[in-house]
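See below for the structure under consideration.
Numbering of ligands and ligand atoms starts at 1, following listing order.
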Amino acid sequence: MLTAARKCRLALALNQAQKLPLFSSAASADASQQPSPPRAGPPPIQVSLTESAGRGVFATRRIGAGELIHTAKPFITHPSSSALDRVCYLCLRKMAIRANSAAGGSFCSEACTLQARAFYEIDRKANWEEFDEYCRINGLKYPYLAKRLACMVIAGVTSADSLNILQPENLSTNMISEMGKECSLLRNAFMSTDVKHEHLAFLNDEWYINVLARIRINAFRIELACGSYEDFLASAAASVEAGAAVGNAVYILPSFYNHDCDPNTHIVWVDNSDAKLKALRDIDQGEELRICYIDASMDHEARQRLLLGGFGFQCQCPRCLSRD
Ligand SMILES: C[S@@+](CC[C@H](N)C(=O)[O-])C[C@H]1O[C@@H](n2cnc3c(N)ncnc32)[C@H](O)[C@@H]1O
């Protein structure tokens, strides 16, 4: 049973989420048929509390196997360092490597240029040498998502608390103390620019730790699938090109999907960071939609270890309970 206070908190959180551009449209496509054009209207899902895994995503009607449930726009993206000169700064679409491409990244389209212009300008003002070097030596990727979010906040395109709706990871004292260094490198990079100090007031250790705790548990590694959008609709689970990782991204609605080692839903990226959620089998109205956070081909022990270490929960899905 939900208490009135929990219902109220959930309603507030979802109301906040609905103000963000979470998804573009829902589409219907049976695996055996030609893909049909995207259908307008809200996707057939809702976020509600689960029995034991916090919030989750539930079907509001029967969803057929192969159906594209919805497409979600990312809230924050960042290219991986190896892909910086070959993917779009904003949407991570692959581009031809250009000899004269800007050091801080370039864009695939006018639309991406316009959408990112304000925070791209902030990004380009700062000297990232020390920050990049620290991340490179320590093999860190998530600080780049925090850096992008900081640029967006400074540019005024989002608020400093915009990720608070997402579940945070419980961080160890060790992790928290290491984050202090990352935060000071991030802050120092902006301090050397003409950004007004009052616009940097949010950028303290507490903000950084809160943001990283959410990014660590909710960020997706973006790997583009082989083939076209039609291939994606027609196949059960699109395959991924070798070395296809183009970056990382944080979404709002996809972050509410819980994990299952035998999932009924699959998330793929076809040509950019727009996430496509597709039903892997028939899903009943009211059933929870779950994706797999890890490589489902691993054995039971390895899956449990990874989920506990990386996401902080002991998987109790039917497959794990049967020790498969
Ligand atoms: C990406 S979030 C999913 C949404 C989350 N339940 C929420 O309320 O925001 C991942 C977190 O959800 C919980 N979770 C996801 N799948 C789970 C599962 N199969 N069993 C238990 N907890 C799960 C864990 O706390 C995990 O760290």
### Message
Restricting to ring pair (Phe, Tyr, Trp, His ring centres under 6.0 Å), what partner residues turn up for F119, sequence neighbours left out?
### Response
none
### Task
Before accepting this row, confirm whether a basic side-chain N of the pair E288/R290 lies closer than 4.0 Å to the acidic partner's carboxylate O.
yes
### side-chain contact (heavy atoms from CB on, under 4.5 Å) against S52, all qualifying residues, sequence neighbours excluded
none
### Message
One pair to check against ring-ring contact (aromatic ring centres under 6.0 Å, His included): F131 and Y144. What are the steps and the verdict?
### Response
CA-CA 9 Å; F131 180 85; Y144 286 107; 5.5 Å; yes
When you pair each N or O of ligand 1 with protein N or O atoms, which pairs come out under 3.5 Å?
residue  : atom   : partner : partner atom : Å
ligand 1 : 6 (N)  : A53     : O            : 2.6
ligand 1 : 6 (N)  : R55     : O            : 2.8
ligand 1 : 6 (N)  : N258    : OD1          : 2.8
ligand 1 : 8 (O)  : R55     : N            : 2.8
ligand 1 : 8 (O)  : R55     : NE           : 3.1
ligand 1 : 8 (O)  : Q167    : OE1          : 3.4
ligand 1 : 9 (O)  : R55     : NE           : 3.4
ligand 1 : 9 (O)  : R55     : NH2          : 2.9
ligand 1 : 12 (O) : N258    : OD1          : 3.3
ligand 1 : 14 (N) : N258    : OD1          : 3.4
ligand 1 : 16 (N) : H259    : N            : 2.9
ligand 1 : 19 (N) : H259    : O            : 2.9
ligand 1 : 19 (N) : R290    : NH1          : 3.0
ligand 1 : 25 (O) : Q167    : NE2          : 2.8
ligand 1 : 27 (O) : F311    : O            : 2.8

### Query
So which of T77, T113, D123 actually passes side-chain hydrogen bond (donor to acceptor under 3.5 Å, both in side chains) with Y89?
D123
## Note on the structure
Across all chains, not counting sequence neighbours, the side chain to side chain donor-acceptor pair (under 3.5 Å) partners of R216 are E169
